[in-house]
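Note that these values count all heavy atoms, side chains included, but never hydrogens, waters or copies made by symmetry.
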Amino acid sequence: MSLIDYIYAMDNCELNNLAKNRFIDHEMQVELARCRHLRARQYLAGNPNLCDRARDILLSGRSNAVKFELVRSGNLNSDPDLIHKVYTEAPRRMLTSFWRLGGTFIGGGWYQSYVATPAETLKAIYLDIIRPAESRGGDSYHDSAGYWGSNLARHHNVSEELAVIMSTSSIDRIKKSAFEALVKIRESNPQEL
């Protein structure tokens, strides 16, 4: 008896728990990636031992929530171009929530995961989403543009160009974090001075 033979008969709870299991084999992961239940596919996307075939099936699907989970969990860190593709192909409405956007592509804060978001994607996030929101918000601690903007400035892939752009922000938190990023970048590349 193999569990894979009974996947069609499993209820949603059983599918979810199976998708969370780090020790399922690649064949089972592929079958779960093809299953009808969205939440099971989301759990599978966050599985730290996800195989490449299952990852590719999940990426070819329609669910942006599953694709965002693949990015957030670090399962796309080996190919930053895929992270950029997920960002550029996501509908704008998926990117208007700072917490979803930040937790997926920026990391930090409550989301202590390492996300290998490329510099070009970070720049697009800042220029397209965070910078326009700066004019709408204040500089309070709970202000989303300030919070995620400062986390973006501390991202390990932030470029010197983006740090300079962010240093002109109207929000002090972002400006301070951008200057700190510039110092860190300059210290790591002293020969360029």
Side-chain angles (χ1 to χ4, degrees), residues 1-118 121-122 124-126 128-130 133 142-145 147-149 151-152 154-157:
M1 172 182 134
S2 172
L3 279 177
I4 205 161
D5 296 332
Y6 297 97
I7 211 165
Y8 71 92
M10 292 183 187
D11 64 22
N12 291 345
C13 182
E14 291 166 332
L15 290 170
N16 292 346
N17 289 323
L18 197 55
K20 291 180 202 177
N21 190 325
R22 299 176 291 152
F23 305 107
I24 57 174
D25 61 10
H26 293 194
E27 189 178 332
M28 178 63 78
Q29 289 180 14
V30 168
E31 286 303 314
L32 285 169
R34 292 182 180 138
C35 87
R36 70 201 178 284
H37 184 52
L38 174 63
R39 193 68 184 130
R41 286 182 283 136
Q42 284 178 299
Y43 283 128
L44 183 64
N47 191 320
N49 295 332
L50 186 66
C51 71
D52 290 343
R53 273 183 44 219
R55 182 199 67 194
D56 293 342
I57 291 168
L58 294 172
L59 271 175
S60 67
R62 292 177 44 205
S63 173
N64 288 300
V66 169
K67 294 173 187 177
F68 276 33
E69 182 60 26
L70 282 167
V71 174
R72 190 201 60 73
S73 65
N75 281 321
L76 298 183
N77 281 349
S78 61
D79 191 353
D81 290 337
L82 286 176
I83 295 172
H84 184 70
K85 183 179 177 191
V86 168
Y87 173 77
T88 56
E89 292 180 355
R92 186 72 175 177
R93 65 181 158 66
M94 292 282 292
L95 303 173
T96 56
S97 164
F98 276 110
W99 294 98
R100 177 181 285 149
L101 176 76
T104 301
F105 295 100
I106 299 171
W110 295 100
Y111 308 94
Q112 294 298 324
S113 59
Y114 168 83
V115 181
T117 306
T121 308
L122 294 173
I125 289 169
Y126 182 72
D128 297 344
I129 297 165
I130 295 175
H142 295 289
D143 175 51
S144 292
Y147 179 79
W148 288 110
N151 278 352
L152 190 144
R154 289 191 294 270
H155 194 280
H156 55 276
N157 284 345

Kindly say whether [Y] contributes a backbone atom to a donor-acceptor pair with the side chain of [X] at under 3.5 angstrom?
X: Asn47; Y: Ala19; value: yes
X: Thr104; Y: Val71; value: no
X: Glu14; Y: Ala9; value: no
X: Asn12; Y: His37; value: no
X: Glu31; Y: Met28; value: no
X: Asn77; Y: Tyr114; value: yes

As an exercise, state the distance from [atom1] of [X] to [atom2] of [Y], rounded to the nearest 0.5 Å.
X: Cys35; Y: Ile57; atom1: SG; atom2: CD1; answer: 11.0 Å
X: Ser144; Y: Ile129; atom1: OG; atom2: CD1; answer: 12.5 Å
X: Leu15; Y: Leu32; atom1: CG; atom2: CG; answer: 6.5 Å
X: Arg100; Y: Arg72; atom1: CZ; atom2: CZ; answer: 12.5 Å
X: Leu44; Y: Asn16; atom1: CG; atom2: CG; answer: 11.0 Å
X: Leu38; Y: Arg62; atom1: CG; atom2: CZ; answer: 11.0 Å

Kindly give the heavy-atom pair with the smallest separation between [X] and [Y], and that separation in Å.
X: Gln42; Y: Ala65; result: NE2-CB, 3.3 Å
X: Cys51; Y: Gln29; result: N-OE1, 2.6 Å
X: Ala116; Y: His156; result: CA-NE2, 4.2 Å
X: Ser63; Y: Arg41; result: CB-NH1, 4.2 Å
X: Pro118; Y: Pro80; result: CG-O, 3.5 Å
X: Ala133; Y: Phe98; result: CB-CZ, 3.5 Å

Inset, instruction - Would you please classify the geometry between the Tyr87 ring and the His84 ring as parallel, tilted or perpendicular, with 30° and 60° separating the classes? - result: tilted
Inset, instruction - Name the orientation class of the two ring planes belonging to Phe68 and Phe105 (parallel below 30°, tilted from 30 to 60°, perpendicular beyond 60°). - result: perpendicular
Inset, instruction - May I ask you to decide whether Asp52 forms a salt bridge with Arg55, counting only side-chain N to carboxylate O separations under 4.0 Å? - result: yes
Inset, instruction - Would you mind telling me which of Asn151, Thr117, Val115, Thr121 makes a side chain to side chain contact (heavy atoms under 4.5 Å, CB included) with Ile106? - result: Asn151
Inset, instruction - Just do the side chain to side chain contact (heavy atoms under 4.5 Å, CB included) check on Leu59 and Val86 with the steps written out, would you? - result: CA-CA 9 Å; Leu59 271 175; Val86 168; 4.0 Å; yes
Inset, instruction - Output, in order, the C-alpha distance, side-chain angles, deciding distance and verdict of side chain to side chain contact (heavy atoms under 4.5 Å, CB included) for Leu58 and Leu50. - result: CA-CA 11 Å; Leu58 294 172; Leu50 186 66; 4.2 Å; yes
